[in-house]
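Quantities reported herein were computed from a predicted structural model and do not represent experimental measurements.
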Amino acid sequence: MSPDAVARHPVPPKRILVTGGSGFIGSHLSRRLLAEGHDVLVVDNFYSSSRHNVVDLLDEPRFELMRHDVTFPLYVEVDQIFHLACPASPVFYQRDPVQTTKTCVHGSINMLGLAKRLGAPILLASTSEVYGDPVSHPQSESYWGNVNPIGIRSCYDEGKRCAETLFFDYFRQHALPIKVARIFNTYGPNMLPNDGRVVSSFIVQALRGEPLTVFGDGTQTRSFCYIDDMVDGLIRLMNSPAEVTGPVNLGNPAEFSVLELAEQVRALVGTGSQVDYRPLPSDDPVRRRPDIERARQLLGWEPVTPLDDGLKRTVEYFRQALAV
Ligand code: UDP
């Protein structure tokens, strides 16, 4: 890092572990941390991520990539831990649901144990799924959720709820410095084209001139946060004062129906793709929108990228990735 960069640096350089660091959010986060001058160790088992997301970083001396599954203990020396490792799209987390729960629970126990030995701050990438199919709208952190404990989304929803429990028990029992972020739907470059997520699926389908698969009648809503905004929120949360443990909602409060999203994608790609209505998967939440007041007040954070701008950049990424 140049002396100039050091002078501008908000916090002294650290050794930072990013579990799941070659995934969609992890790869963007790792890049930002490297750009800020830190050493970054990415640990990933590549179950739902791609080495392509970080392959260009391998020549960077401050970057290290390690294949490891967080359900097994990890022995490394770092100053900070971003714990993101877990399949996060319904298609991936439902493929091997037992392993998903293990990743959430055993993975968190292992990373919390590591953080405890090191006395290192650890941030959990939790999820809006802890609210289940919410009856309270928009969702604030004080809402306890409406989660089916035995459904097809439970491995992830209950897994992440248990991970949050573990984080707060390590905080109470061991005074571990923890941070819990509840991440709402996030999109942008580096998403996998086959992850089944609504944004990536619609863009890929539109670019290929295929019908856009709308589940149910498309009136269910989501709030879509562009990746750069999400990374900014995660870093702010990690560097917030010790008393800020969270949970903190991170997401874009602008709410759209799935059909509205389909329309925007069709207009941006300029495709004649029709809409193909498919059955709604069980336990698919009807409405989702974050209340981000806590993030605004504690972190001075709110998303700045409108859906239209973020979608344009994401379409451009997929156009090149798919070479269409
Ligand atoms: N969805 C859809 N078509 C698709 C993929 C998803 O209509 O091809 C819907 C899905 O049923 C859900 C919303 O889009 O209501 C968001 O789905 P996603 O898998 O992106 O995220 P999550 O359900 O975890 O919020």
Side-chain angles (χ1 to χ4, degrees), residues 19-20 23-25 45 47-49 69-72 83-112 124-170 178 180-186 192 194-198 200-201 213-223 246-247 249-251 255 257-258 277-291:
T19 74
F24 163 49
I25 296 182
N45 71 351
Y47 178 75
S48 59
S49 64
D69 185 327
V70 293
T71 60
F72 297 97
H83 180 39
L84 276 60
C86 189
S89 88
V91 165
F92 287 133
Y93 71 64
Q94 289 167 10
R95 187 169 290 163
D96 188 349
V98 172
Q99 191 61 28
T100 299
T101 302
K102 279 188 189 169
T103 302
C104 291
V105 178
H106 294 188
S108 290
I109 290 173
N110 288 330
M111 294 310 108
L112 285 162
L124 172 67
S126 186
T127 169
S128 54
E129 285 286 325
V130 301
Y131 301 122
D133 191 3
V135 293
S136 163
H137 194 80
Q139 293 78 56
S140 71
E141 294 86 348
S142 58
Y143 176 53
W144 289 355
N146 177 35
V147 175
N148 176 358
I150 56 167
I152 58 171
R153 297 175 86 104
S154 312
C155 57
Y156 186 67
D157 300 12
E158 297 289 21
K160 287 289 188 181
R161 286 169 70 95
C162 184
E164 289 198 8
T165 306
L166 285 161
F167 268 68
F168 277 88
D169 281 334
Y170 268 78
I178 63 150
V180 174
R182 290 186 178 154
I183 298 177
F184 283 64
N185 296 62
T186 303
L192 289 176
N194 63 341
D195 71 357
R197 292 268 191 194
V198 69
S200 44
S201 296
T213 52
V214 169
F215 298 165
D217 62 7
T219 56
Q220 71 271 35
T221 66
R222 293 293 186 273
S223 308
N249 286 340
L250 295 179
E255 185 180 356
S257 72
V258 164
Y277 289 94
R278 302 272 180 91
L280 189 67
S282 65
D283 295 335
D284 199 286
V286 176
R287 293 188 76 185
R288 183 182 286 159
R289 172 156 66 96
D291 175 340

- Item | For Q94, side-chain contact (heavy atoms from CB on, under 4.5 Å) partners two or more places apart |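 Checked Q94 against side-chain contact (heavy atoms from CB on, under 4.5 Å); matches are P90, I152, R153.
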
Has [X] got a side-chain atom pairing as donor or acceptor with [Y]'s backbone, closer than 3.5 angstrom?
| X | Y | value |
| --- | --- | --- |
| K160 | C155 | no |
| S201 | V198 | no |
| E141 | N249 | yes |
| S108 | V105 | no |
| R197 | A88 | yes |
| S89 | D195 | yes |

With rounding to the nearest 0.5 Å, note down the distance linking [atom1] in [X] to [atom2] in [Y].
| X | Y | atom1 | atom2 | result |
| --- | --- | --- | --- | --- |
| F167 | I178 | CZ | CD1 | 7.0 Å |
| H106 | T101 | NE2 | OG1 | 9.5 Å |
| D217 | S257 | CG | OG | 9.0 Å |
| Y47 | T100 | OH | OG1 | 6.0 Å |
| T165 | Y170 | OG1 | OH | 13.0 Å |
| I109 | C104 | CD1 | SG | 11.5 Å |

Looking at every non-hydrogen atom in both residues, tell me the closest pair between [X] and [Y] and how far apart they are.
| X | Y | result |
| --- | --- | --- |
| I183 | T186 | CG2-OG1, 3.6 Å |
| G251 | P290 | C-CG, 3.8 Å |
| L192 | S48 | CD1-O, 3.6 Å |
| G216 | Y277 | O-CD2, 3.2 Å |
| N45 | D69 | ND2-OD2, 3.5 Å |
| Y156 | P87 | CE1-O, 3.3 Å |

- Item | R182 side chain to Y131 side chain, donor-acceptor N/O pair below 3.5 angstrom |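 Distance-only check passes for R182 and Y131.
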
- Message: With no hydrogens and no angle check, just 3.5 Å: does a side-chain donor-acceptor pair link H137 and E255?
- Response: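 The criterion, which ignores hydrogens and geometry beyond distance, is satisfied for E255 and H137.
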
- Message: Restricting to side chain to side chain donor-acceptor pair (under 3.5 Å), what partner residues turn up for N110, sequence neighbours left out?
- Response: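 Not a single residue meets the side chain to side chain donor-acceptor pair (under 3.5 Å) criterion with N110.
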
- Go through the steps for L112 and H83 under the test side-chain contact (heavy atoms from CB on, under 4.5 Å), then give the verdict. CA-CA 9 Å; L112 285 162; H83 180 39; over 6 Å; no

- Task: Look at D96 together with K102 and state whether they make a salt bridge at an N to O cut-off of under 4.0 Å.
- Result: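 Not counted as a salt bridge, because no side-chain N and carboxylate O are separated by less than 4.0 Å.
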
- Electrostatic pair R161:E164 at N-O distance under 4.0 angstrom: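 Salt bridge flag = no for E164 with R161.
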
- Find out whether C86 and Y93 are in side-chain contact, i.e. whether some heavy atom of one side chain is under 4.5 Å from a heavy atom of the other.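 Answer no - side chains too far apart.
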
- Do the non-hydrogen side-chain atoms of D157 and V130 ever get within less than 4.5 Å of each other?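 No. Closest side-chain heavy atoms not under 4.5 Å.
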
- R288 pairs by side-chain hydrogen bond (donor to acceptor under 3.5 Å, both in side chains) with which of N185, D133, T221?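 Only one option passes, and that is N185.
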
